[in-house]
Amino acid sequence: MRLVVFGLTISSSWGNGHATLWRALSRALARRGHSVVFYERDLPFYAAHRDLTAIPNGRLVLFSDWAEIRAQAARDVAEADVAMVTSYCPDALLATDLVLSGRALKVFYDLDTPVTLDRLRRGEAVEYVGPEGFAGFDLVLSYTGGPALAALRDGLGARRAAPLYGHVDPEVHRPAAAQAHYAADLSYLGTYAADRQDKVVSCLVEPARRRPDTRFLIGGAQYPQDFPWTDNIYFVRHLGPREHPAFYASSRLTLNVTRAAMAAMGWCPSGRLFEATACGAAVLSDAFDGLDAFYRPGEEILLAETPEAVLAALDRSDAELRRIAEAGRARTLSDHTSAHRAAELEAILDSARSPVSMEA
């Protein structure tokens, strides 16, 4: 297949969760003989932190203005089998007009479904959703499953809605040697987000206050100066994917905190769950509906949302945490790699080419 994607970014992993997912999926699709052309507005925020310049068996098109690439994009869409627009694409509405006028299978991929639905529920404008919602697309893919799929159909007019969950490329996220500068008893890797802050405080800051002799580590971007640091919470600024394995390998336990809208809706596992487990880390996560469809709590991951539960997890033996880590990695490799998602995407796209009335 030839896929043309109009997205947020694939070239920079700085401060967003889209890039790593697209890189892994593009590689997996390339291994299956498919090609991806990815159109990305060349935004200064991402340009300053660009860590990818080419797509295997595909093409990255960076542009500063829609007018400069519209003719080229129209040619690519005309030759494509699948034309796709994603959430938070800066040119989503213009790209949607182009995609809907073509012959290719018309797909919208909402990698931020809980945020999309929450903003619409609040009556806020969503810049990547046009006045007709998703009614013109043949298929809406969602990073979120469960009740979100019905909401996409009922509230935004999606003809078909199917989940395409997060995933990981085990060639990028894999076990590595520990590094002294990342050493910690509990680590957390994630961009700062105000709606995660309460859980970060409960699951990392407060445990750090109660255990001043224990080492905690946060890695990520956009942390404010007034973050409630303690003397035993260490910090490393944004880490690119190449540094993730060493980061995870260097702590006894790593924390996953889900964005508030994602946790409230459920069935929306963070990409960090897949990446950390693929690296062989023992993961301590907050809970949300549907999580047990991806990992078995208590066996493949641990759950905690209070300081007491976090400290109890830290008090587990190294052997117990190794068993959790090994089981989590095995589950990820068996169910949640980018190769699995590429195969799922093939099947979903194939099904979407049939009339809706023919579906069971």
Side-chain angles (χ1 to χ4, degrees), residues 5-10 12 14-19 21-22 39-41 43-46 65-66 84-100 106-137 139-166 190-201 220-224 226-227 257-272 286 288-290:
V5 179
F6 300 92
L8 172 62
T9 180
I10 191 173
S12 174
W14 180 272
N16 76 92
H18 289 216
L21 289 166
W22 273 116
Y39 278 83
E40 173 184 336
R41 182 179 281 273
L43 298 173
F45 179 78
Y46 294 129
D65 182 76
W66 179 258
M84 183 183 297
V85 183
T86 81
S87 53
Y88 283 101
C89 172
D91 300 280
L93 299 188
L94 293 169
T96 292
D97 289 343
L98 179 60
V99 166
L100 296 188
K106 304 164 183 62
V107 181
F108 191 95
Y109 188 9
D110 196 338
L111 292 102
D112 305 275
T113 306
V115 175
T116 302
L117 295 174
D118 184 60
R119 288 175 63 184
L120 290 171
R121 180 181 61 80
R122 296 171 182 268
E124 300 175 7
V126 180
E127 58 274 13
Y128 46 86
V129 179
E132 302 300 318
F134 296 145
F137 290 94
L139 169 69
V140 175
L141 295 171
S142 174
Y143 190 84
T144 308
L149 302 178
L152 291 170
R153 291 190 292 264
D154 298 341
L156 284 167
R159 300 181 200 174
R160 292 182 178 87
L164 188 67
Y165 295 113
T191 299
Y192 176 84
D195 67 348
R196 278 196 289 233
Q197 182 64 0
D198 285 348
K199 286 186 180 178
V200 171
V201 169
Q222 303 179 40
Y223 279 79
D226 62 353
F227 186 88
V257 179
T258 310
R259 296 291 300 267
M262 296 165 62
M265 183 158 287
W267 293 87
C268 191
S270 165
R272 294 287 186 233
D286 59 341
F288 54 85
D289 286 346

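No hydrogens, no waters, no symmetry mates; every other heavy atom, side chains included, goes into these values.
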For this session: Return yes if some donor-acceptor pair links the side-chain N/O of Tyr39 with the main-chain N/O of Asp91 below 3.5 Å, else return no.
Result: no
Exercise. Side chain of Arg159, backbone of Ala135: donor and acceptor closer than 3.5 Å?
Worked result: yes
Exercise. Between Tyr143 and Thr113, which heavy-atom pair has the shortest distance, and what is it?
Worked result: N-OG1, 4.0 Å
Problem set entry | Note, Thr116 side chain near Leu156 side chain (heavy atom, < 4.5 Å) | yes
Problem set entry | Parallel, tilted or perpendicular, as decided by the 30° and 60° cut-offs, for the rings of Phe6 and Trp66 | tilted
Problem set entry | Leu94 vs Leu98, side chain to side chain contact (heavy atoms under 4.5 Å, CB included): CA-CA, chis, key distance, verdict | CA-CA 6 Å; Leu94 293 169; Leu98 179 60; over 6 Å; no
Exercise. Roughly how far apart are Ser87 OG and Tyr109 OH, rounded to 0.5 Å?
Worked result: 8.5 Å
Problem set entry | Check: Trp14 main-chain N/O paired with Asn16 side-chain donor or acceptor under 3.5 Å | yes
For this session: Would you name the heavy atoms of Gly190 and Arg196 that are closest together and state the gap between them?
Result: C-NH2, 4.4 Å
For this session: Report the C-alpha separation of Thr191 and Gln222 in whole Å, then their side-chain angles, then the decisive distance to 0.1 Å, and conclude whether the side chain to side chain donor-acceptor pair (under 3.5 Å) test is met.
Result: CA-CA 6 Å; Thr191 299; Gln222 303 179 40; 5.3 Å; no
Exercise. Hey, does the side chain of Ser270 reach the backbone of Thr258 with a donor-acceptor pair shorter than 3.5 angstrom?
Worked result: no
Exercise. Is Ser142 reaching over with its side chain to a backbone N or O of Gly145, donor-acceptor style, under 3.5 angstrom?
Worked result: no
For this session: Can you see which heavy atom on Lys199 is nearest to which on Val257, and at what distance?
Result: CB-CG1, 3.7 Å
Problem set entry | Nearest heavy-atom neighbours spanning Leu149 and Pro163 | CD1-CD, 3.7 Å
For this session: Dump the intermediate steps for side chain to side chain contact (heavy atoms under 4.5 Å, CB included) on Tyr88 and Asp112, then the final yes or no.
Result: CA-CA 8 Å; Tyr88 283 101; Asp112 305 275; 3.2 Å; yes
Problem set entry | Ile10 CD1 to Tyr46 OH distance, which is reported to the nearest 0.5 Å | 13.0 Å
For this session: Taking all non-hydrogen atoms of both residues into account, name the closest pair between Gly136 and Lys106 and its distance.
Result: O-CD, 3.9 Å
Exercise. Is the shortest heavy-atom distance from the side chain of Thr86 to the side chain of Val5 under 4.5 Å?
Worked result: yes
Problem set entry | side-chain hydrogen bond (donor to acceptor under 3.5 Å, both in side chains) partners for Thr144, two or more places apart | none
For this session: Please round to the nearest 0.5 Å and tell me the distance separating atom CE of Met262 and atom CG of Asp118.
Result: 13.0 Å
For this session: Taking the side chain as every heavy atom from C-beta outward, state whether Tyr192 and Pro224 have any pair of such atoms under 4.5 Å apart.
Result: yes
Exercise. For Arg119, what residues pass the salt bridge (charged side-chain N to carboxylate O under 4.0 Å, His left out) criterion, not counting sequence neighbours?
Worked result: Glu124, Glu127
Exercise. Would a distance-only check, ignoring hydrogens and angles, find a side-chain to backbone donor-acceptor pair under 3.5 Å from Asp198 to Val201?
Worked result: no
Exercise. Closest approach of Pro269 and Phe288, non-hydrogen atoms and distance?
Worked result: CA-CZ, 3.7 Å
Seminar exercise, completed: Rounded to the nearest 0.5 angstrom, the CG-NE2 distance for Leu8 and His18 is 5.5 Å
Problem set entry | side chain to side chain contact (heavy atoms under 4.5 Å, CB included) between Thr96 and Glu132, worked out | CA-CA 11 Å; Thr96 292; Glu132 302 300 318; over 6 Å; no
For this session: Tell me, with the steps shown, if Phe134 and Val129 meet side chain to side chain contact (heavy atoms under 4.5 Å, CB included).
Result: CA-CA 7 Å; Phe134 296 145; Val129 179; 3.9 Å; yes
